[in-house]
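Step one of this worksheet: look at the structure below.
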Amino acid sequence: MKQISGQWTLYILWVLDANGALRFGELRRRVDGISTKVLTERLRLLESIQLVHRQHQPTIPPQVTYTLTERGKELSGTLDHLYALAVRWENDRAKGVADTKMASL
């Protein structure tokens, strides 16, 4: 739990699960708000614990693609459940704000 509970880590895993193989730049764009340094650190950690596979192609410019490993794919259902909870909680929060505004009218 400690290894995957760091900031951005679950989100990176969820983005890879939802989108499949992504090059570094595309992954950085999809994980809105993360710095290049932090994304690199998180990906190295995820690779070291065998949740993410890094494929490097020695082209010019170099192409690096990230995918979930089989071990990483085992988290798929859990990531989907966490996403569904987050959406529900956000909807509940938005509804609560709307209900508060309606009550004040």
Side-chain angles (χ1 to χ4, degrees):
M1 284 300 288
K2 185 178 180 182
Q3 292 176 322
I4 63 170
S5 64
Q7 186 176 10
W8 298 106
T9 306
L10 289 175
Y11 190 41
I12 292 166
L13 290 169
W14 180 78
V15 168
L16 286 171
D17 183 48
N19 296 283
L22 290 173
R23 291 181 60 186
F24 184 86
E26 181 63 22
L27 182 56
R28 189 180 63 217
R29 281 186 289 280
R30 290 180 188 249
V31 183
D32 189 38
I34 194 169
S35 70
T36 300
K37 178 183 181 238
V38 172
L39 179 58
T40 300
E41 290 171 355
R42 296 285 102 195
L43 287 169
R44 285 182 183 156
L45 169 72
L46 292 169
E47 186 180 11
S48 75
I49 59 175
Q50 300 174 351
L51 295 177
V52 168
H53 174 71
R54 178 182 185 268
Q55 182 175 352
H56 176 264
Q57 300 213 347
T59 59
I60 299 176
Q63 291 184 2
V64 179
T65 305
Y66 294 91
T67 56
L68 290 181
T69 62
E70 288 304 313
R71 187 175 180 181
K73 290 175 185 174
E74 290 181 43
L75 292 169
S76 183
T78 302
L79 295 170
D80 290 343
H81 184 71
L82 286 171
Y83 176 74
L85 280 173
V87 168
R88 190 182 85 209
W89 290 351
E90 180 61 23
N91 289 339
D92 289 349
R93 186 189 67 76
K95 184 178 181 245
V97 169
D99 289 347
T100 302
K101 286 181 181 178
M102 291 298 289
S104 67
L105 294 176

Show your reasoning for whether side chain to side chain contact (heavy atoms under 4.5 Å, CB included) applies to Arg28 and Thr36.
CA-CA 7 Å; Arg28 189 180 63 217; Thr36 300; 3.4 Å; yes

Answer yes or no: is there a donor N or O on one side and an acceptor on the other, between the side chain of Asn19 and the main chain of Val15, under 3.5 Å?
yes

Within a radius of less than 6.0 Å around OH of Tyr11, do more than 12 heavy atoms belonging to other residues, nucleotides or ligands occur?
yes

Taking atom OH of Tyr66 and atom CG of Leu39, what is their separation to the nearest 0.5 Å?
7.5 Å

Apply side chain to side chain contact (heavy atoms under 4.5 Å, CB included) to residues Leu68 and Leu75 and explain how you reach the verdict.
CA-CA 10 Å; Leu68 290 181; Leu75 292 169; over 6 Å; no

With a 4.0 Å cut-off, would you call Arg93 and Glu90 a salt bridge?
yes

Thr65 side, atom OG1; His56 side, atom NE2 - distance, nearest 0.5 Å:
10.0 Å

Does any non-hydrogen side-chain atom of Phe24 lie less than 4.5 Å from one of Leu43?
yes

d(Leu85 CG, Asp80 CG) to nearest 0.5 Å is 11.5 Å

Is it true that Arg44 and Glu47 make a salt bridge, defined as a side-chain N closer than 4.0 Å to a carboxylate O?
no

Residues Leu10, Leu13; criterion side chain to side chain contact (heavy atoms under 4.5 Å, CB included); working and verdict
CA-CA 5 Å; Leu10 289 175; Leu13 290 169; 4.3 Å; yes

Hey, is the main chain of Ile49 close enough, under 3.5 Å, to the side chain of Arg71 for a donor-acceptor pair?
yes

Atom pair CD/CG of Glu74 and Leu79 - distance to nearest 0.5 Å
12.0 Å

CG of Asp32: more than 12 outside heavy atoms within 6.0 angstrom?
no

Heavy-atom pair of closest approach, residues Thr69 and His53
CG2-N, 3.7 Å

Any salt bridge linking Arg29 with Glu26? Criterion: basic side-chain nitrogen under 4.0 Å from a carboxylate oxygen.
yes

Residue pair Leu45, Leu51: steps toward the side chain to side chain contact (heavy atoms under 4.5 Å, CB included) verdict
CA-CA 9 Å; Leu45 169 72; Leu51 295 177; over 6 Å; no

Honestly curious: do Val87 and Val31 fall in one hydrophobic cluster under the side-chain, below-4.5 Å linking rule?
yes

CG (Leu16) and OG (Ser76) are apart, to the nearest 0.5 Å, by 11.5 Å

Do Val38 and Trp8 make a side-chain contact, defined as non-hydrogen atoms from C-beta onward lying under 4.5 Å apart?
yes

Straight-line distance of Ile34 CD1 to Thr40 OG1, nearest 0.5 Å:
8.5 Å

